[in-house]
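Below is one structure, written out as structure tokens; comments come after it.
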Amino acid sequence: MTHRRIPRHRTAIASAGALALAVTATLTLAVDANAAPDTLSASEATTLASQLTKGTAGSYYDAKARKLVVNVLDETGAMAARAKGVETRLVKHSLAELNSARQTLKDRATIPGTSWSLDPKSNKVVVTADRTVKGAKLHQLTAVVKSLGDKAEIRHSRGEFKKLSANGDAIWDNDGQCSLGFNVVKDGHPYFLTAGHCGKAGTTWSDEKGGSPIGTTEDSQYPGNDYAIVKYTGNTPHPSEVNLYNGSYQKITKAGEATVGQKVFRSGSTTQVHDGKVTGLDETVNYVDGDTVEGLIKTTVCAEPGDSGGALYDRETALGLTSGGSGDCSSGGETFFQPVPEALKAYGAQIG
């Protein structure tokens, strides 16, 4: 193995008009001695948000102000937030109402080329239709969204929601190539995570087309989820680092959950490193080939064919594995990611 190929096995590598807010008031709450600091990093905001779920209706990170904004339904729901000193907004719809709207969409509008998730900034379920959704399908989608009243809205994407596993230079099997995601440890042995749609259990991977094996897929979950775990063979290097494609690497020490509004980065050998923001969580995506994946992270980070399986991260924190999206890195687009913590839990693995 040449020195040039070693970075591909570092953790992240490779192929792969909102409407008005449904807010009727803004509460500025007092800060006590146990309050959160005036400004928060995205990771600190994520931790804080996980502690403020009772009586709230979602939250998001205001990157410019570096503050966590928590939606509340009434003053009672704001009491827990008051102790933490976070900024709160009074909104109309509860999480239960919005999740009910999501279920209606799943039951009546699971149409290839669509996606949806709860948007805490607008307090709605935002439904996105790609350019393939037209005619009778668009009419059906529009009718279902309209039936949900002000709990949902439609937005449109110029591209197509598709998986991105092609045309990259990363890890190869007999059918083509995909991306190595994050290096992990399971039962004391080295493995790596990648996208589940990249290959079924038993798939053998090499670091070049026709090259020597570097690992074999032990388990793959797709559709529904989009993650897989590959066990390394031999003595393939597997440092816990992300290739930044400038001669340096970002160390990865942990996995974490993403937060709406968080700035994130993606590394891939097709388009190298690009950044963007998290715009949705628990996104349901109906890819144009008919496969549906749930629980994804939606971002403004661009990606292109060949980036599939690559890493989404924020500094030392692993966040996601590239699943699919629309657009490209010339005109822009949106990309969906499988959350890493879910995959680690499923496999009993740890970053390492």
Side-chain angles (χ1 to χ4, degrees), residues 17-26 53-60 69-74 77 88-162 223-226 260-261 278-300 323-327 333-337 339:
L19 297 181
L21 296 176
V23 178
T24 58
T26 299
T53 56
K54 186 176 181 180
T56 65
S59 61
Y60 64 93
V69 181
V70 178
N71 294 335
V72 297
L73 299 172
D74 50 38
T88 67
R89 300 185 312 151
L90 185 64
V91 298
K92 181 178 179 180
H93 301 299
S94 68
L95 289 179
E97 291 175 311
L98 296 177
N99 283 329
S100 177
R102 286 164 54 92
Q103 185 62 46
T104 297
L105 288 162
K106 181 177 181 179
D107 294 341
R108 299 171 53 194
T110 298
I111 299 168
T114 62
S115 73
W116 53 77
S117 66
L118 188 160
D119 176 20
K121 290 187 177 182
S122 65
N123 191 226
K124 298 173 183 282
V125 174
V126 173
V127 182
T128 305
D130 74 10
R131 66 185 180 190
T132 68
V133 182
K134 48 191 175 183
K137 291 181 179 179
L138 182 58
H139 179 75
Q140 176 186 348
L141 182 65
T142 302
V144 174
V145 173
K146 185 176 180 180
S147 74
L148 297 172
D150 63 357
K151 292 190 291 293
E153 65 168 287
I154 295 181
R155 299 176 185 174
H156 297 272
S157 172
R158 293 177 297 176
E160 296 181 15
F161 293 157
K162 54 189 177 182
N225 295 303
D226 197 1
V260 172
V278 175
T279 57
L281 300 174
D282 197 18
E283 186 92 9
T284 296
V285 182
N286 302 297
Y287 287 123
V288 292
D289 62 3
D291 289 333
T292 296
V293 184
E294 298 180 310
L296 300 184
I297 303 166
K298 183 180 182 180
T299 74
T300 61
S323 177
S326 67
E334 52 203 332
T335 305
F336 306 107
F337 298 84

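Quantities reported herein were computed from a predicted structural model and do not represent experimental measurements. Starting from 1, each residue takes its place in the sequence as its number.
- With Thr128 contributing its side chain and Ser115 its backbone, the two residues share no donor-acceptor pair below 3.5 Å.
- To the nearest 0.5 angstrom, Arg108 atom CZ is 8.5 Å from Gln140 atom CD.
- Ser100 contributes no side-chain N or O that, together with a main-chain N or O of Ala96, makes up a donor-acceptor pair within less than 3.5 Å.
- Contacts classified as salt bridge (Lys or Arg N to Asp or Glu O under 4.0 Å) and involving residues 93-102 (residues at least two apart or in different chains) are given here: Arg102-Asp282.
- Residues His93 and Asn71 have side chains that never bring a donor and an acceptor to within less than 3.5 angstrom of each other.
- A side-chain donor-acceptor contact under 3.5 Å links Lys124 to the backbone of Asp150.
- Heavy atoms of other residues, nucleotides or ligands lying less than 6.0 angstrom from NZ of Lys162 number 12 at most.
- Annotation: side chain to side chain donor-acceptor pair (under 3.5 Å) contacts of Asp291 (sequence neighbours excluded): Tyr222.
- Neither side chain, Glu160 nor Thr132, offers a donor N or O lying under 3.5 Å from an acceptor on the other.
- Taking Tyr287 as the reference, nothing meets the ring pair (Phe, Tyr, Trp, His ring centres under 6.0 Å) condition, with sequence neighbours excluded.
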Task: CA sep, side-chain torsions, deciding dist, call: Val125, Leu148, side chain to side chain contact (heavy atoms under 4.5 Å, CB included) - done: CA-CA 9 Å; Val125 174; Leu148 297 172; over 6 Å; no
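- For the atom pair CD1 of Ile297 and CZ of Phe336, the computed distance is 12.0 Å after rounding to the nearest 0.5 Å.
- Distance OG/Ser59 to CZ/Arg89: 10.5 Å, rounded to 0.5 Å.
- Taking the side chain as every heavy atom from C-beta outward, Asn123 and Leu98 approach each other to under 4.5 Å.
- Taking all atoms of both residues into account, the shortest heavy-atom contact from Pro112 to Gly290 is CG-CA, 4.2 Å.
- Shown here for Gly58 and Pro120, the closest heavy-atom pair between the two residues is C-CB, 4.3 Å.
- Under the rule for a side chain to side chain contact (heavy atoms under 4.5 Å, CB included), the partners of Thr142 that lie at least two apart in sequence or sit in another chain are Leu138, Ile154.
- Every residue meeting the side chain to side chain contact (heavy atoms under 4.5 Å, CB included) condition with Ser326, not counting sequence neighbours, appears here in chain and number order: Ser157, Phe161, Glu334.
- Taking 4.5 Å as the limit, some side-chain heavy atom of Trp116 sits within range of a side-chain heavy atom of Asn286.
- Counting heavy-atom neighbours within 6.0 Å of His156 NE2, excluding the residue itself, gives a total above 12.
- Qualifying side chain to side chain contact (heavy atoms under 4.5 Å, CB included) partners for Arg158, counting only residues two or more places apart in sequence or in other chains: none.
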Open item on the list: Working note: Val285 + Thr292, criterion side chain to side chain contact (heavy atoms under 4.5 Å, CB included); need CA distance, chi angles, decisive distance, verdict.
Closed with: CA-CA 6 Å; Val285 182; Thr292 296; over 6 Å; no
Open item on the list: Please evaluate residues Thr279 and Asp119 with respect to the criterion side chain to side chain contact (heavy atoms under 4.5 Å, CB included), reporting the C-alpha separation (whole Å), side-chain torsions for both, the decisive distance (0.1 Å), and the verdict.
Closed with: CA-CA 8 Å; Thr279 57; Asp119 176 20; over 6 Å; no
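- You'll find the side chain of Val91 reaches within 4.5 Å of the side chain of Leu73, heavy atoms only.
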